[in-house]
Amino acid sequence: MYPASDTAVESSEQIQLVVQDFQLLEYTDPETGATIPYSLYLPENYDESKEYPLLFFVADAGANSDDPTGNLTQGNGATVWATPEEQAKHECIVLSPQYTNTLINSIGALTTDENVWSDGLTLVSNLLHYVIEEYSVDENRIYGTGQSQGCMTNIALSDKYPDLFAAQLLVAGQWNVEEMAVMKDKNLWIVVCEGDSKAYPGMNEATASWEALGSKVARSEMWDSTSTPEQFDELVAQTESQGCKINYTVFEGGSHTYTWSVAYNIEGLRDWVFAQTKE
């Protein structure tokens, strides 16, 4: 079962309101020579004398276009963190790059099924490090998340910079399992749909690999994606009670793109992200 259409409309309207609170900026990378648009949200009373957590979100490839807000309107994966309600609980800076068709035509795709480091990943990585240096970021509380292409980007960055993220919410993605071995002790919450022909088997393999390396992975019965907020609270609590750094959630049925229409709406997953700090 999928969300009712009126719920989707309401969410779309809410997203558009939050989009207005983001700055639309550009970054030119000295290493690749490429320019990438990005969206940046600063807390309402941003104070340079304070340090803020940074939430880094990368959208799926379906959002890749020359529309500078495509990364914000593909769903609520970027905007949910900047809503007044979320900022009241978890004040943070939100950064989201927009990978464009222009970039694809000039330096290539951001991620591919070959799971190799690309010029696009260099560009996005350098943007992230630029923002960390340019703004008042608490480097012990940098959080990464993304869906599909964005999940793959997060994994690639975590593989290359194992000490960068305090925690990652990884939605509907997969990567080279051998490279992912360096993530075996990271704070991760992975969300996939049973019906996702790539992410589901990919993350089954990754979590099994981490367990073979000695990591503990919190698992549970497949979740009903149509659960009420209260039911999701209980599902999150049951997973957290296992006391593992790596949490693995599978929605029963569903599809690749459906995964992120549900994942970012689960308050407990967002709360878990901000409860993590770098050790």
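In terms of hydrophobic clustering, with Ile, Leu, Val, Met, Phe, Trp and Tyr side chains grouped at heavy-atom distances under 4.5 Å, Val58 and Leu72 are assigned to different clusters. Hydrophobic clustering of Ile, Leu, Val, Met, Phe, Trp and Tyr side chains at less than 4.5 Å, counting indirect connections, keeps Leu164 apart from Val94. Cluster membership for Val182 and Ile246, using ILVMFWY side-chain heavy atoms within less than 4.5 angstrom, is shared. Taking hydrophobic clusters as Ile, Leu, Val, Met, Phe, Trp and Tyr residues chained together by side-chain heavy-atom distances below 4.5 Å, Tyr161 shares a cluster with Met152. The hydrophobic cluster containing Leu169 does not contain Met183, counting ILVMFWY residues as joined when their side-chain heavy atoms lie under 4.5 angstrom apart, directly or transitively.
Every pair passing side-chain hydrogen bond (donor to acceptor under 3.5 Å, both in side chains) that includes a residue from residues 164-177 is listed here, sequence neighbours excluded: Asn154-Gln168, Ser158-Gln168, Asp159-Trp175, Trp175-Glu179. Pairs passing the salt bridge (Lys or Arg N to Asp or Glu O under 4.0 Å) check and including a residue from residues 110-137, sequence neighbours excluded, read Asp113-Lys198.
Side-chain atoms of Glu234 and Gln238 include a donor-acceptor pair closer than 3.5 Å. Between the side chains of Tyr99 and Thr153, no donor N or O sits under 3.5 Å from an acceptor N or O.
Contact between Lys184 and Leu213 at its shortest, heavy atoms only, is CD-CB, 3.8 Å. Nearest heavy atom pair, residue Val217 against residue Thr207, reads CG2-O, 4.0 Å. Residue Trp81 comes nearest to Gln87 through the heavy atom pair O-NE2, 2.9 Å, listed as atom of the first residue, atom of the second, then distance. Shown here for Ser220 and Thr239, the closest heavy-atom pair between the two residues is OG-OG1, 4.3 Å. Considering all non-hydrogen atoms of both residues, Glu91 and Pro53 come closest at O-CD, 3.4 Å. What you find for Thr277 and Asn187 is that their closest heavy atoms are O-ND2, 4.0 Å.
Contact check for Val262 versus Phe232: side-chain heavy atoms found under the 4.5 Å cut-off. Looking at heavy atoms from C-beta onward, Ser148 lies in side-chain contact with Trp260 at the 4.5 angstrom threshold. Phe56 places none of its side-chain heavy atoms less than 4.5 Å from the side chain of Leu127. For the pair Val273 and Thr145, the minimum side-chain heavy-atom distance is 4.5 Å or more. For the pair His90 and Cys92, the minimum side-chain heavy-atom distance is 4.5 Å or more. Within the 4.5 Å cutoff, side-chain heavy atoms of Lys89 are placed close to those of Asp271. Between Leu121 and Leu110 the shortest side-chain heavy-atom distance falls below 4.5 Å.
Checked options Trp272, Phe274, Phe165; the residue passing with Tyr143 is Phe274 (criterion: ring pair (Phe, Tyr, Trp, His ring centres under 6.0 Å)). Each of Phe251, Trp223, Tyr200 was evaluated against Glu194; a single residue qualifies, Tyr200, per the side chain to side chain contact (heavy atoms under 4.5 Å, CB included) test.
When the shell of 6.0 Å around CD of Gln23 is examined, it contains more than 12 heavy atoms from other residues, nucleotides or ligands. No more than 12 heavy atoms of other residues, nucleotides or ligands sit less than 6.0 Å from atom CD of Glu178.
Between the side chain of Ser96 and the main chain of Phe57, a donor-acceptor pair closer than 3.5 Å is present. No donor-acceptor distance shorter than 3.5 angstrom exists from the side chain of Lys50 to the backbone of Ser136, with no hydrogens or angles considered.
Using a 4.0 Å cut-off between charged side-chain N and carboxylate O, Glu211 and Arg219 make a salt bridge.
Ring geometry for Phe22 versus Tyr41: interplanar angle of 30 to 60°, hence tilted.
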Would you give me the side-chain donor-acceptor pairs under 3.5 Å for residues 32-39, sequence neighbours excluded?
residue	atom	partner	partner atom	Å
Thr32	OG1	Asp29	OD2	2.8
Thr32	OG1	Ala34	N	3.2
Thr35	OG1	Thr28	OG1	2.7
Ser39	OG	Asn71	ND2	3.4

Worked verdict on Ser118 versus Thr111 for side-chain contact (heavy atoms from CB on, under 4.5 Å) | CA-CA 7 Å; Ser118 65; Thr111 62; 5.8 Å; no
Show your reasoning for whether side-chain contact (heavy atoms from CB on, under 4.5 Å) applies to Thr249 and Ile190.
-> CA-CA 6 Å; Thr249 291; Ile190 298 158; over 6 Å; no
Working for salt bridge (charged side-chain N to carboxylate O under 4.0 Å, His left out), residues Glu85 and Arg270 | CA-CA 12 Å; Glu85 298 80 8; Arg270 303 195 305 269; over 6 Å; no
Going through the distances and angles, do Met203 and Met180 end up as a side-chain contact (heavy atoms from CB on, under 4.5 Å)?
-> CA-CA 10 Å; Met203 283 305 190; Met180 292 172 70; 4.1 Å; yes
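Applying the side-chain hydrogen bond (donor to acceptor under 3.5 Å, both in side chains) test to Tyr248 and every residue at least two apart in sequence or in another chain returns Asn204. Remark: Ser106 pairs with Leu103 by the side-chain contact (heavy atoms from CB on, under 4.5 Å) rule, at least two apart or across chains. Taking the side-chain hydrogen bond (donor to acceptor under 3.5 Å, both in side chains) definition, one finds that Asn140 meets it with nothing, sequence neighbours left out.
Annotation: the span from Leu55 atom CG to Glu86 atom CD amounts to 8.5 Å, rounded to 0.5 Å. Once rounded to the nearest 0.5 Å, the distance linking CD of Gln149 with CD of Gln147 reads 9.5 Å.
Here Tyr52 and Tyr135 keep their ring centres 6.0 angstrom or further from each other.
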